[in-house]
J.: 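Below is the structure I would like to discuss, written out as structure tokens.
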Amino acid sequence: MSFISKWAGLLGLLAVLVVGDQIRINRPGHKYRLTVEVTTPDGIKAGSGVLAVVPDRNYNRGGRTTMRGEAVFVDLGQSKNLVALLAHRQDAKLDFDDINYVALRAYGAARGNRVSFNDIHRQTGVVPVQADLVPVLVSFGDPKDPKTARLVAGDHAEAVLGEGYAIRGITVEVVPNGFWPVDFGGALGKPVTRGIDAKLPWLAAPGDPAATALQAAGLPAGGEAREAFARK
């Protein structure tokens, strides 16, 4: 074997190891589908999105578990909508990390026993999301205008959405991880849901329109405001 061939082989092996390690680091620990159902005068309307939870496997994120995915947008018809944000309200602030553990805690509550993070991908069936696990819900009078956001109470949705509207239920279901990063659908695995920018076009605008939306809904808005709507 020539000197050049030897080094080419070593460089090829190194490249394989680097790529393999990046896949190990960035592959989701589990994925789950978050579904929101709303009773309306025209029947039940639903929206859902697949979210990916990525544990920190080498502390390159400061030891923080992260999320990929977007808020769930439900088109209710009659120019009405409901959006389940990637955030929970915690006293006077928003918590952007609890969304990572919604599936874990929902399955634990439904099973009546603790489910470990390493076992969550093995769970099956659809389970309800209730009480403190329910994410922040908002509605936009005009989806093109972040200043029209209004906070929706899970048990009094009609106060914002109108008579005949109510939250029917919110559920989670663990879905196959697939072969990240080629989890494009089908046998390759469920891809993370994207497309919120088309429904809330101001998200792509300059400045901090996400903070404007949160403030309009009476919610605290900080530097992480956009994380309530979308995570890379």
J.: Kindly state each residue pair satisfying ring-ring contact (aromatic ring centres under 6.0 Å, His included) with at least one member in residues 91-145, sequence neighbours excluded.
T.: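 Of all non-adjacent pairs touching residues 91-145, those that pass ring-ring contact (aromatic ring centres under 6.0 Å, His included) are His30-Phe117, Phe140-Trp202.
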
J.: Can you tell if the side chain of Arg64 reaches within under 4.5 Å of the side chain of Asp97, non-hydrogen atoms only?
T.: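 Side chain of Arg64 against side chain of Asp97, heavy atoms only: contact under 4.5 Å found.
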
J.: Tell me, please, which residues at least two apart from Ala110 pass side chain to side chain contact (heavy atoms under 4.5 Å, CB included).
T.: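 Per chain and number, Ala110 pairs via side chain to side chain contact (heavy atoms under 4.5 Å, CB included) with Val127.
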
J.: Enter the distance from Ile99:CD1 to Leu94:CG here, rounded to the nearest 0.5 Å.
T.: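 It is 12.0 Å, given to the nearest 0.5 Å.
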
J.: Side-chain contact test, heavy atoms from C-beta onward, threshold under 4.5 Å: evaluate it for Thr40 versus Leu76 and give yes or no.
T.: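 In short, these two side chains touch, coming nearer than 4.5 Å.
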
J.: With clusters defined by side-chain heavy atoms of hydrophobic residues (ILVMFWY) lying less than 4.5 Å apart, directly or transitively, does Tyr165 cluster with Val72?
T.: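 Yes, because Val72 and Tyr165 connect within a single hydrophobic cluster, where side-chain heavy atoms sit under 4.5 Å apart.
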
J.: Within a strict 4.5 Å, meaning less than it, do heavy atoms of the Val136 and Leu151 side chains meet?
T.: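 Counting from C-beta outward, Val136 and Leu151 do come under 4.5 Å.
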
J.: List the steps, then state whether salt bridge (Lys or Arg N to Asp or Glu O under 4.0 Å) holds for Asp142 with Lys144.
T.: CA-CA 5 Å; Asp142 178 359; Lys144 296 180 181 179; over 6 Å; no

J.: Answer yes or no: is there a donor N or O on one side and an acceptor on the other, between the side chain of Lys199 and the main chain of Phe73, under 3.5 Å?
T.: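 Not at all, since once roles are kept as given, no pair shorter than 3.5 Å links the two residues.
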
J.: Does Asp132 have any side-chain hydrogen bond (donor to acceptor under 3.5 Å, both in side chains) partners at least two apart in sequence or in another chain, and if so, which?
T.: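 Once residues adjacent in sequence are excluded, Asp132 has no partner under the side-chain hydrogen bond (donor to acceptor under 3.5 Å, both in side chains) criterion.
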
J.: How about Arg111: does its CZ atom have over 12 heavy atoms from other parts shown lying under 6.0 Å from it?
T.: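 Yes, because the 6.0 Å sphere around CZ of Arg111 holds more than 12 heavy atoms from other groups.
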
J.: How about Asn113: does its CG atom have over 12 heavy atoms from other parts shown lying under 6.0 Å from it?
T.: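 More than 12 heavy atoms, drawn from other residues, nucleotides or ligands, come within 6.0 Å of this atom.
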
J.: Quick one, Val172 and Val126 - any side-chain contact, counting heavy atoms below 4.5 Å?
T.: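 Not in contact.
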
J.: Do you know the tightest heavy-atom contact between Ala71 and Ala228?
T.: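 Nearest pair, atom of Ala71 first, then Ala228: CB-O, 3.9 Å.
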
J.: In sequence, state the C-alpha distance, the side-chain angles, and the governing distance for Ser139 and Leu161, and then conclude on side chain to side chain contact (heavy atoms under 4.5 Å, CB included).
T.: CA-CA 8 Å; Ser139 179; Leu161 299 177; 3.5 Å; yes

J.: Would you confirm whether His88, through its side chain, and Leu133, through its main-chain N or O, come within 3.5 Å as a donor-acceptor pair?
T.: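 Yes, the answer is positive, given that a donor and an acceptor are paired below the 3.5 Å cut-off.
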
J.: Does any N or O in the side chain of Ser48 come within less than 3.5 Å of the main-chain N or O of Arg33, such that one atom is a donor and the other an acceptor?
T.: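 Not confirmed, Ser48 side chain does not pair with Arg33 backbone.
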
J.: Are any of the side-chain heavy atoms of Leu85 and Leu137 separated by less than 4.5 Å?
T.: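 No, every pair of side-chain atoms sits at 4.5 Å or beyond.
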
J.: Residues two or more places apart in sequence or in another chain: which of them pass side-chain hydrogen bond (donor to acceptor under 3.5 Å, both in side chains) with Arg168?
T.: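 So Arg168 forms a side-chain hydrogen bond (donor to acceptor under 3.5 Å, both in side chains) with Glu37.
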
J.: Is any side-chain heavy atom of Leu86 less than 4.5 Å from a side-chain heavy atom of Arg231?
T.: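 SC-SC contact between Leu86 and Arg231 confirmed.
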
J.: I need the minimum non-hydrogen distance between Pro135 and Ala84, along with the two atoms involved.
T.: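 Taking Pro135 first and Ala84 second, the nearest heavy atoms are CG-CB, 4.2 Å.
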
J.: Without swapping roles, check the side chain of Lys31 against the backbone of Asn177 for a donor-acceptor pair under 3.5 Å.
T.: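 Pair found, side chain donor or acceptor close to backbone of Asn177.
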
J.: If hydrophobic clusters are built by linking Ile, Leu, Val, Met, Phe, Trp and Tyr wherever their side-chain heavy atoms come under 4.5 Å apart, do Val74 and Val134 end up in the same one?
T.: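 Val74 clusters together with Val134.
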
J.: For the CD atom of Gln78 and the NZ atom of Lys45, what is their distance to the nearest 0.5 Å?
T.: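 Gln78 atom CD to Lys45 atom NZ measures 8.5 Å (nearest 0.5 Å).
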
J.: Applying side-chain hydrogen bond (donor to acceptor under 3.5 Å, both in side chains), can you list everything that pairs with Gln215, at least two apart in sequence or on another chain?
T.: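 With sequence neighbours excluded, Gln215 shows a side-chain hydrogen bond (donor to acceptor under 3.5 Å, both in side chains) to no residue whatsoever.
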
J.: Indicate yes or no for a side-chain donor-acceptor contact from Asn100 to the backbone of Thr65 under 3.5 Å, with no hydrogens or angles considered.
T.: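 Side chain of Asn100 to backbone of Thr65, a donor-acceptor pair under 3.5 Å: yes, one is there.
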
J.: Indicate the atoms forming the closest heavy-atom contact of Arg226 with Asp197, along with that distance.
T.: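 That would be NH2-OD1, 3.6 Å.
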
J.: Looking at residues at least two apart in the chain, or sitting in another chain, which of them share a side chain to side chain contact (heavy atoms under 4.5 Å, CB included) with Arg122?
T.: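 Partners of Arg122 under the side chain to side chain contact (heavy atoms under 4.5 Å, CB included) test: Asp119.
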
J.: Check whether any side-chain heavy atom of Pro191 sits under 4.5 Å from a side-chain heavy atom of Val50, and report yes or no.
T.: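 Not in contact.
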
J.: Answer yes when Asp183 and Lys190 have at least one side-chain N-carboxylate O distance shorter than 4.0 Å, and no when they do not.
T.: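 Answer for the salt bridge query: no.
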
J.: Shortest non-hydrogen contact from Val192 to Gly69?
T.: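 Smallest interatomic distance, heavy atoms only, reads CG1-CA, 3.4 Å.
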
J.: If two hydrophobic side chains count as joined below 4.5 Å and joins carry through other members, does Ile196 share a cluster with Leu34?
T.: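 No, Ile196 does not connect to Leu34 through the hydrophobic network.
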
J.: Passes side chain to side chain contact (heavy atoms under 4.5 Å, CB included), Tyr32 versus Val102? Steps please.
T.: CA-CA 9 Å; Tyr32 68 89; Val102 164; 3.8 Å; yes

J.: Just how far is it from atom CD of Glu70 to atom CG of Leu200, taken to the nearest 0.5 Å?
T.: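 Result: 9.5 Å between the selected atoms.
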
J.: Please answer: with hydrophobic residues joined when any side-chain heavy atoms are less than 4.5 Å apart, are Leu82 and Leu51 in the same cluster?
T.: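 Yes, Leu82 and Leu51 fall within the same hydrophobic cluster.
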
J.: Quick one: closest heavy-atom pair of Asp95 and Gln90, and the distance?
T.: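 Where Asp95 meets Gln90 most closely, the heavy atoms are OD2-NE2, 3.6 Å.
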
J.: Is there a side-chain contact between Val152 and Val138 (heavy atoms, below 4.5 Å)?
T.: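 No - every pair of side-chain heavy atoms lies 4.5 Å or more apart.
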
J.: Do the side chains of Leu219 and Ile167 join up, straight or via other hydrophobic residues, at under 4.5 Å, putting them in one cluster?
T.: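 In one cluster with Leu219: Ile167, no.
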
J.: Take a 6.0 Å sphere around CD of Glu224 and say whether it holds more than 12 heavy atoms from other residues, nucleotides or ligands.
T.: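 Enclosed: over 12 neighbouring heavy atoms sit under 6.0 Å from CD of Glu224.
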
J.: Hey, which of Lys93, Arg89, Arg105 is the one that makes salt bridge (charged side-chain N to carboxylate O under 4.0 Å, His left out) with Asp98?
T.: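 For Asp98, the salt bridge (charged side-chain N to carboxylate O under 4.0 Å, His left out) check succeeds only for Arg105.
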
J.: Do you know the tightest heavy-atom contact between Pro146 and Ala216?
T.: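 Where Pro146 meets Ala216 most closely, the heavy atoms are O-CB, 3.8 Å.
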
J.: With a 4.0 Å cut-off on N to O distance, would you call Arg68 and Glu227 a salt bridge?
T.: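 So Arg68 does not pair with Glu227 through a salt bridge.
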
J.: Counting distance only, does the side-chain N/O of Asp42 pair as donor-acceptor with the main-chain N or O of Gly77 below 3.5 Å?
T.: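 No; judged by distance alone, with no hydrogens or angles, the pair does not exist.
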
